[in-house]
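In what follows, every chain begins at residue 1, and chains take the letters A, B, ... in the order their sequences are listed.
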Protein chains: 2
Amino acid sequence: MDTKRLKEEFVDFLKKHHQKITKSRLELLDIIANYKKHFEIEELVTYIQRTKKLASRATIYRTIKLLMDFGVIKEIIKQNNKTIYEFCPSESHHDHLICTSCNKIIEFLNEDIEKLQEEICKSHKFLPTHHRLEIFGLCKECQKKLHIKEK
Amino acid sequence: MDTKRLKEEFVDFLKKHHQKITKSRLELLDIIANYKKHFEIEELVTYIQRTKKLASRATIYRTIKLLMDFGVIKEIIKQNNKTIYEFCPSESHHDHLICTSCNKIIEFLNEDIEKLQEEICKSHKFLPTHHRLEIFGLCKECQKKLHIKEK
DNA sequence: TTCTATGCAAAAATTTTGCATGTCG
DNA sequence: CGACATGCAAAATTTTTGCATAGAA
């Protein structure tokens with residue numbers, strides 16, 4: 001993935017928030033953008049420390065928080081107290097179908113649902129910043145594996 | 001809350017899953033049903049151990065897993081890596097508006113959104129078991145406090 | 001030069017587990 | 001009686017933090 005543009009925006013973001021522009025921060029953005037789309041932090045820490053020796057666990061945690069504020073990382077949660085993070089550059093919001101058997105994550109976007117959410121917020125005078133919709137269940141393949149008949 | 005019926009169903013559930021019916025399990029269901037609707041586990045542990053001395057932390061954690069399988073507890077997550085659990089007897093599914101300033105949780109249910117979700121699952125041949133929709137933002141009161149003008 | 005970021009290791013917070021003992025069926 | 005549940009404390013997991021040092025503005 002080409003992250004040149006994204007890095008520039010991140011630099012602006014850091015300046016605006018009076019934070020320093022460091023090698024770690026920019027390279028972490030780069031690494032994460034080119035790593036798996038969905039990841040757990042510890043897995044990422046292991047990967048980074050094995051391959052690049054770029055940043056410590058503490059810095060990775062701290063930078064991920066920054067990147068969440070910046071808006072390119074979101075947390076989506078799955079069962080078992082595991083937190084899965086998603087790299088998600090801003091344009092492409094979407095929601096998730098999560099298979100509880102094979103842990104596959106399927107993305108979808110439905111404009112009607114998005115619109116309905118806006119209406120709900122309006123009716124509660126709630127000012128939304130972001131949202132998360134997760135549907136848990138069994139994917140097509142796992143239904144077959146488990147011999148579940150379609151209705 | 002009257003939990004007689006719920007307890008009977010829980011007993012059936014335990015039998016069906018070849019698990020034992022114990023005092024701890026039944027009383028924990030009772031306590032949780034009458035505790036706050038939204039809670040963190042540690043807070044619950046403290047409460048139970050202060051007031052009733054009924055079960056150990058380990059048993060509480062284990063029983064909550066059981067109750068999640070049984071279906072009366074769901075986990076909804078909020079920011080800051082805190083996991084909020086919700087007691088939610090089966091009939092009353094709903095989703096959440098979560099205020100990121102005062103942490104208030106507002107429940108809502110929108111049938112159209114529910115229907116659209118079913119359609120999405122169908123089109124992916126996905127067999128849903130449950131879902132979770134969380135909209136984060138600022139509640140009416142916090143917008144006022146923070147002097148945010150309505151559009 | 002000044003202030004913030006980083007690394008390290010220790011601490012905190014949260015959840016799970018092994019094992020001896022108690023309880024249910 | 002046999003199998004499973006419980007309590008305890010220890011371990012595992014995940015995340016945060018204090019402080020000395022390095023690096024950016």
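- Proximity of A:Y61 to the phosphate of D:dT16: no side-chain N or O atom is located under 4.0 Å from OP1 or OP2.
- With rounding to whole Å, A:E43 atom CD is found 14 Å from D:dT14 atom C1'.
- Distance NE2 (B:H18) to C1' (C:dC24): 15 Å, rounded to an integer number of Å.
- The side chain of B:R57 places no N or O atom within less than 4.0 Å of a non-bridging phosphate oxygen (OP1 or OP2) of C:dT15.
- If you check every strand for non-hydrogen atoms under 4.0 Å, A:I64 touches nothing.
- In this entry the distance linking NZ of A:K15 with P of C:dA5 reads 15 Å, nearest Å.
- Within the structure, a side-chain polar atom (N or O) of B:K65 is placed less than 4.0 Å from OP1 or OP2 of C:dT16.
- Between B:F10 and B:F70, the angle of the ring planes lies from 30° to 60°, which puts this pair in the tilted group.
- Contact annotation: B:T59 reaches the phosphate of D:dG7 (side-chain N/O to OP1 or OP2, under 4.0 Å).
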Under 3.5 Å, which donor-acceptor pairs link side chains of residues 11-31 of chain B to any protein atom two or more places apart or in another chain?
{"unit_1": "B:H17", "atom_1": "ND1", "unit_2": "B:F13", "atom_2": "O", "d": "2.8"}
{"unit_1": "B:T22", "atom_1": "OG1", "unit_2": "B:R25", "atom_2": "N", "d": "3.3"}
{"unit_1": "B:R25", "atom_1": "NH1", "unit_2": "B:K20", "atom_2": "O", "d": "2.8"}
{"unit_1": "B:D30", "atom_1": "OD1", "unit_2": "B:T3", "atom_2": "OG1", "d": "2.3"}

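- Across all strands shown, B:L54 has heavy atoms under 4.0 Å from sugar-phosphate atoms exclusively, and none from any base.
- Closest contact between the side chain of B:A58 and the listed nucleotides D:dC8, C:dG7, D:dT16 involves D:dC8.
- Put simply, A:R62 has no side-chain N or O that comes within less than 4.0 Å of OP1 or OP2 on D:dT16.
- Between the side chains of B:E86 and B:H94, a donor-acceptor pair is found at a separation under 3.5 Å.
- B:K53 comes within 4.0 angstrom of nothing in the nucleic acid, heavy atoms only.
- Annotation for A:I120: hydrophobic cluster partners, listed by chain and number, are A:L97, A:I106, A:F108, A:I113, A:L116, A:F126, A:L133, A:I135, B:L97, B:I106, B:F108, B:I113, B:L116, B:I120, B:F126, B:L133, B:I135 (ILVMFWY side-chain heavy atoms under 4.5 Å, direct or chained).
- Applying the salt bridge (charged side-chain N to carboxylate O under 4.0 Å, His left out) definition to pairs two or more places apart or across chains, those involving residues 54-68 of chain A are A:E42-A:R57.
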Between A:Y35 and A:E43, is the side chain to side chain donor-acceptor pair (under 3.5 Å) condition met? List the steps. CA-CA 11 Å; A:Y35 191 60; A:E43 176 200 287; 3.1 Å; yes

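- A continuous path of Ile, Leu, Val, Met, Phe, Trp and Tyr side chains, each step under 4.5 Å between heavy atoms, connects B:M68 with B:I48, placing both in one hydrophobic cluster.
- If you check D:dT15, D:dA5, C:dG7 against the side chain of A:I41, the one that comes closest is D:dT15.
- The interatomic distance linking B:L44 (CG) with C:dT15 (C1') rounds to 14 Å, in whole Å.
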Start with the C-alpha gap between B:C139 and B:C102, add the side-chain angles, then the distance that decides, and say whether side chain to side chain contact (heavy atoms under 4.5 Å, CB included) holds. CA-CA 8 Å; B:C139 72; B:C102 70; 3.9 Å; yes

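- Side-chain proximity of B:Y85 to C:dT16, C:dT15, D:dC8: nearest is C:dT15.
- For the 3.5 Å distance criterion, the side chains of A:H96 and A:E107 fail to qualify, holding no donor opposite an acceptor.
- Comparing A:T63 and B:E42 along DNA chain C, the residue whose closest nucleotide (by nearest heavy atom) sits nearer the 5' end is A:T63.
- When the P atom of C:dG25 is taken as reference, atom NZ of B:K16 falls 18 Å away, rounded to whole Å.
- With C:dT15, D:dT15, D:dT17 as the choices, the nucleotide that has an atom nearest any side-chain atom of A:T83 turns out to be D:dT15.
- Atom CG of B:L66 is separated from atom P of C:dT16 by 13 Å (rounded to the nearest Å).
- As rounded to whole Å, 13 Å separates atom P of D:dA5 from atom NE2 of B:H17.
- With hydrogens and angles left out, the side-chain atoms of B:H130 and A:E134 include no donor and acceptor closer than 3.5 Å.
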Polar atom pairs (N or O), protein with nucleotides 22-25 of chain D, under 3.5 Å:
{"unit_1": "D:dG23", "atom_1": "N2", "unit_2": "A:K20", "atom_2": "NZ", "d": "3.0"}
{"unit_1": "D:dA24", "atom_1": "N3", "unit_2": "A:K20", "atom_2": "NZ", "d": "3.4"}
{"unit_1": "D:dA25", "atom_1": "OP1", "unit_2": "A:I21", "atom_2": "N", "d": "3.4"}

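- The C1' atoms of five pairs define one axis at each end of the helix from C:dT1-D:dA25 to C:dG25-D:dC1, and these two axes lie 40° apart (to 10°).
- Residue A:F10 contributes atom CZ, which lies 12 Å from atom C1' of C:dA5 at whole-angstrom precision.
- Contacts classified as salt bridge (charged side-chain N to carboxylate O under 4.0 Å, His left out) and involving residues 109-118 of chain B (residues at least two apart or in different chains) are not found.
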